[in-house]
Amino acid sequence: MEELKRAVAREALKFIEDDMVVGLGTGSTTAYFIEYLGKLIMEGELEDVYGVPTSHQSRLLAIENGIPVVGLDEVDAIDIAVDGADEVDPQMNLIKGRGAALTMEKIIEYRAGTFLVLVDEGKLVERLGQRMPVPIEVIPAAWRAIAEEIEVFNAEAELRMASKKDGPVVTDNGNFILDARFHRIDDPLDLEIELNNIPGVVENGIFADIADVVLVGTKDGVRKMER
Ligand SMILES: O=C[C@H](O)[C@H](O)[C@H](O)COP(=O)(O)O
């Protein structure tokens with residue numbers, strides 16, 4: 001599994017050129033990409049490349065690996081964003097947010113000229129929600145009211161609890177995460193919009209219609225899905 005992640009991360013380097021501003025995703029797959037990108041920059045193979053992190057994790061990793069980091073409000077545009085995903089359907093709609101970084105990820109990836117997704121073949125599903133719940137970032141005071149409201153969508157939502165801290169996971173933005181299991185997601189784009197209409201929802205982990213290229217690591221090599 002780790003080898004498949006490394007393979008897609010290496011392949012993603014082919015999309016990076018001098019003078020690019022690169023959105024740096026969050027998670028274990030992107031961590032390899034950040035490591036390899038840093039190496040190319042440090043060796044002088046790539047020049048004037050800047051990274052815009054999507055989380056504390058990617059910011060720390062970028063600094064550690066020698067990638068110059070800038071904030072979203074310091075750049076005119078993002079040329080490409082590179083990130084992992086938790087599920088990918090045949091239309092390249094995604095579920096993201098296992099690492100609770102979905103809000104900043106979506107803000108940056110929505111604005112990128114190209115959004116490149118890196119997954120292993122185990123993440124491919126026929127229908128979103130088949131394996132993973134949809135993470136929803138919520139304002140803390142509203143978590144219970146939103147969890148109840150989500151039942152209208154034929155789903156059960158659970159407050160995500162932390163493992164190395166007592167109590168709930170707190171996102172980089174100071175909010176809580178609800179993990180919502182939907183019985184069936186027929187229209188990802190529609191559900192993404194509907195969930196964001198609930199007051200107190202900051203963002204949700206359905207990324208419909210924004211991925212441009214998906215690199216899939218398989219035992220037989222890296223496969224490319226494209227719009
Ligand atoms: O919040 C986390 C992100 O959406 C990750 O990009 C996603 O969970 C994939 O992570 P990994 O590459 O570790 O499977």
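Heads up: numbering here begins at 1 and tracks the sequence. Remember, it's 1-based here, ligands and their atoms both numbered in the order they're listed. Given the structure is predicted, the values throughout are model-derived calculations rather than measurements.
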Worksheet, complete the sentence: When every non-hydrogen atom of Ala157 is compared with those of Leu178, the smallest separation belongs to CB-CB, 4.4 Å

Discussion item. Give me the atom names and distance for the closest heavy-atom approach of Val119 to Val8.
Written reply: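 Shortest heavy-atom contact: O-CG1, 3.6 Å.
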
Any idea which protein heavy atom is nearest [atom], and the distance to it?
| atom | result |
| --- | --- |
| atom 10 (O) of ligand 1 | Arg98 NH2, 3.2 Å |
| atom 14 (O) of ligand 1 | Lys123 NZ, 2.9 Å |
| atom 3 (C) of ligand 1 | Glu105 OE2, 3.0 Å |
| atom 6 (O) of ligand 1 | Thr26 O, 2.7 Å |
| atom 8 (O) of ligand 1 | Asp86 OD1, 2.6 Å |
| atom 13 (O) of ligand 1 | Ser28 OG, 2.5 Å |
| atom 12 (O) of ligand 1 | Thr29 OG1, 2.6 Å |

Worksheet item: Applying the side chain to side chain contact (heavy atoms under 4.5 Å, CB included) test to Ile67, which of Leu40, Ile34, Leu46 qualifies?
Response: Ile34

Discussion item. Tell me which one of Ile108, Ile107, Leu24 satisfies side chain to side chain contact (heavy atoms under 4.5 Å, CB included) with Val52.
Written reply: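 For Val52, the side chain to side chain contact (heavy atoms under 4.5 Å, CB included) test succeeds with only one of Ile108, Ile107, Leu24, which is Ile108.
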
Item to complete: Taking the six-membered ring of Phe207 (Phe, Tyr or Trp), confirm whether the NZ or CZ of Lys96 is under 6.0 Å from its centre and within 45° of its axis.
Response: yes

For [X], atoms of ligand 1 separated by under 4.0 Å from a heavy atom:
| X | result |
| --- | --- |
| Gly99 | 1 (O), 2 (C), 8 (O) |
| Gly27 | 10 (O), 13 (O) |
| Lys96 | 3 (C), 4 (O), 5 (C), 6 (O) |
| Asp83 | 6 (O) |

Worksheet item: Does a side chain donor of either Tyr36 or Arg6 reach within less than 3.5 Å of an acceptor in the other side chain?
Response: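 Note: Tyr36 and Arg6 side chains meet the donor-acceptor criterion.
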
Practice prompt. Could you see which bit of Ser55 sits under 4.0 Å from ligand 1, with heavy atoms only: side chain, backbone, both or neither?
Written response: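 It is neither; nothing of Ser55 touches ligand 1.
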
Worksheet item: So which bit of Leu118 gets within less than 4.0 Å of ligand 1, heavy atoms only: side chain, backbone, both or neither?
Response: neither

Worksheet item: Hey, is CD on Glu2 packed in by over 12 heavy atoms from elsewhere, all under 6.0 Å?
Response: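 More than 12 within 6.0 Å, yes.
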
Item to complete: Decide if atom CZ of Arg127 counts as having more than 12 heavy atoms of other residues, nucleotides or ligands within a radius under 6.0 Å.
Response: yes

Worksheet item: Is Gly97 near ligand 1, meaning one of its heavy atoms is under 4.0 Å from it?
Response: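 A heavy atom of Gly97 does come that close to ligand 1.
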
Fill in: Nearest-option assignment for atom 1 (O) of ligand 1, heavy atoms, candidates Pro135, Ala101, Gly122
Ala101

Item to complete: Examine distances only and state if a side-chain atom of Lys106 and a backbone atom of Ile206 form a donor-acceptor pair shorter than 3.5 Å.
Response: yes

Worksheet item: Rounded to the nearest 0.5 Å, how far does OG1 of Thr114 lie from CZ of Phe15?
Response: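 One gets 8.0 Å once the value is rounded to the nearest 0.5 Å.
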
